[in-house]
Amino acid sequence: MRIALVSGDGLPTSGLLTVFRNVLQVGRDLELVELPVATDLGYAWRPDKAEYYPVGGARDARSGWMRAAPRRVRDGLSDAARAAELIALRDGVAAYDSLGADARRELAARIETLTEPYRVYFAEWLAEHEPDWVFGLNMTLSDAVPATAGLHAAVREHFAGGRRRGGVVFWDHDLFGSCAIHDPQTGARVYPERPNALTPLPRDDAHTRWIVISDGLADEASSYPTDAVPEVVSNLLPTVPEGRPEARHREFAAQQGLQEGRPVLLDPVRVFRIKGVDVAVRLLAEMREEALRTGEPVPYLLVFGGLDEDPEYAREVTALCAASGVEDDVRFLDGVPLTSVREDDGTWRLDEVDLLRVAAASSGGVVFTPGVTDVETVGLGPGLAAMAGLPCLTTEYDVFEPVYGPEFARVRMDTSPESVRAGAAEFVRTLAAFREGDDALRARLEVNRKITEDRFPRAPWERFWRELRAACA
């Protein structure tokens, strides 16, 4: 099968893409999927990701499976004018319930005007790459309704009428009500709480599959005004090899100035306000104080994201690093690649599996500190820690127990100064026990691994790939 991918994130490195990489590997193992995968990373309709709009930034995604070719929308608008209109439309869709009838009609007309250029955009893309199935990741959210509507229309034209088998898989990791992101300037919701008349939804037809990653998202979708019913197919986490670090891991550590004997903590999130990188920095500052007090090694913190996605928040975080005295202990990795790569200048950029191996070799761990409780729909940080056999610290967030259950061992805290201080002290003790090979801790971590393998199984994806192949045979 030929597979294509459309990402709603507008970023070259995101959690959506790393999970898709794991899922794609299942299809490759079954010898059902051809490479490369034609990929549109959403640059052309996400002006809120200013460093990448409209055709990508200085550093693009790199992988052995992806063929990304940025395209431009032919709508007669300048990039700046289109950006302003897309943001205005997004905000109008979010405020739909508060608009009068005239304002709603005007908004609908403006959306329709931009929808046609995006229909042409995707129609040409589909004609060029001729995929059997298109995966649309997080395209149901209303980041850019004209792009979503254009994709729906182009897919209907390309696959309808029995001329072609296959179709589109809408794969949603977030939906409206569960993605309660607010504009930091205005406080308004970025997305409406539920779909409205202007938000295209998957439909029940011969060329559409709709999957979501959790029971919670399926429950939310059950109230949506569509005849389609999403299937729950959980995320898939990578296998993390055990054993001693290899040359690339040692070279990376040297290039990053990581001193031997100090534990490496991974924060596997983007530098985006709701992800709580500031909380992780405050935690590191408290851990530093506790480690110095008790004679333990001071940890490093490696944040997966770069500083270009949300520059205002990034400035806050880097200022906090300096004010907290941990500026020399934090590394921002500028977006973790989908596959480890050595740059032309000889520096290594490691993928999440290799970074987990670096952390394991240092007797480190994973921190996952969402700054709000009601946005994560799964939260993969704890699962990544479990797959690598690492201890984990998390803040409290709503879906932790529904996903991982009460038996999952972790250090818990909230975002208050007192709780961060207590969590830091406990995690320093946990890392000491981990380094010393404490049997009770190792047993708890093995339970974590078994829980994670059970909650994120491979078998449903094997079945799903076979179903897609049968549908386009």
Side-chain angles (χ1 to χ4, degrees), residues 237 240 262-269 275-304 324 326 329-330 352 355-356 358-373 376 378-452 455:
L237 297 178
V240 182
R262 293 178 59 180
V264 171
L265 305 181
L266 303 181
D267 189 8
V269 299
K275 298 296 184 180
V277 177
D278 60 303
V279 180
V281 170
R282 291 197 287 123
L283 170 71
L284 180 67
E286 295 290 353
M287 290 184 70
R288 177 181 175 84
E289 292 298 317
E290 179 68 13
L292 292 173
R293 187 184 69 80
T294 59
E296 294 294 329
V298 175
Y300 292 106
L301 179 68
L302 274 56
V303 182
F304 279 21
S324 303
V326 295
D329 305 318
V330 179
E352 68 183 9
L355 289 169
L356 288 164
V358 169
S362 73
S363 298
V366 172
V367 299
F368 188 70
T369 57
V372 294
T373 62
E376 295 293 335
V378 170
L380 294 181
L384 291 173
M387 294 302 289
L390 296 174
C392 179
L393 174 145
T394 79
T395 50
E396 300 291 0
Y397 62 99
D398 294 345
V399 300
F400 179 89
E401 285 210 5
V403 172
Y404 294 101
E407 301 303 317
F408 193 100
R410 55 174 171 146
V411 174
R412 306 165 63 169
M413 70 179 200
D414 59 41
T415 59
S416 68
E418 298 79 11
S419 185
V420 172
R421 190 173 303 115
E426 183 178 353
F427 206 40
V428 167
R429 293 192 295 271
T430 299
L431 293 179
F434 184 56
R435 185 175 63 253
E436 294 163 5
D438 181 85
D439 289 338
L441 176 60
R442 298 282 181 177
R444 292 196 297 273
L445 296 180
E446 185 56 32
V447 170
N448 285 359
R449 186 196 300 271
K450 291 177 180 176
I451 289 171
T452 300
R455 300 300 173 93

On a heavy-atom basis, which atom in [X] and which in [Y] lie closest, and how many Å separate them?
X	Y	value
Ser362	Val264	OG-N, 2.9 Å
Thr415	Arg282	O-NH2, 2.8 Å
Leu445	Leu390	CD2-O, 3.6 Å

Is there a side-chain contact between [X] and [Y] (heavy atoms, below 4.5 Å)?
X	Y	answer
Leu384	Glu352	yes
Thr369	Leu393	yes
Val366	Pro268	yes
Arg293	Glu289	no

Looking at [Y], is its backbone amide N or carbonyl O close enough to the side chain of [X] to form a donor-acceptor pair, meaning the two atoms are under 3.5 Å apart?
X	Y	answer
Arg288	Ser324	no
Thr395	Pro370	yes
Tyr404	Gly379	yes

>> Quick check for you: to the nearest 0.5 Å, what is the distance between Leu283 atom CG and Asp278 atom CG?
In response: 11.5 Å
> Is NZ or CZ of Arg410 both nearer than 6.0 Å to the six-membered ring centre of Phe368 and within 45° of the ring axis?
Replying inline: no
> After noting the C-alpha distance and the side-chain angles of Met287 and Leu265, does the key distance pass the side-chain contact (heavy atoms from CB on, under 4.5 Å) rule?
Replying inline: CA-CA 11 Å; Met287 290 184 70; Leu265 305 181; 3.8 Å; yes
Per-pair distances, 0.1 Å, donor-acceptor, side chain in residues 427-436, under 3.5 Å, sequence neighbours excluded:
{"from": "Thr430", "atom 1": "OG1", "to": "Glu426", "atom 2": "O", "distance (Å)": "2.9"}
{"from": "Arg435", "atom 1": "NH2", "to": "Glu296", "atom 2": "OE1", "distance (Å)": "2.4"}

> Could Arg421 and Glu418 be called an ion pair, given the rule that one side-chain N must be under 4.0 Å from one carboxylate O?
Replying inline: no
>> side-chain contact (heavy atoms from CB on, under 4.5 Å), that's the test. Do Val298 and Val326 meet it? Break it down for me.
In response: CA-CA 10 Å; Val298 175; Val326 295; over 6 Å; no
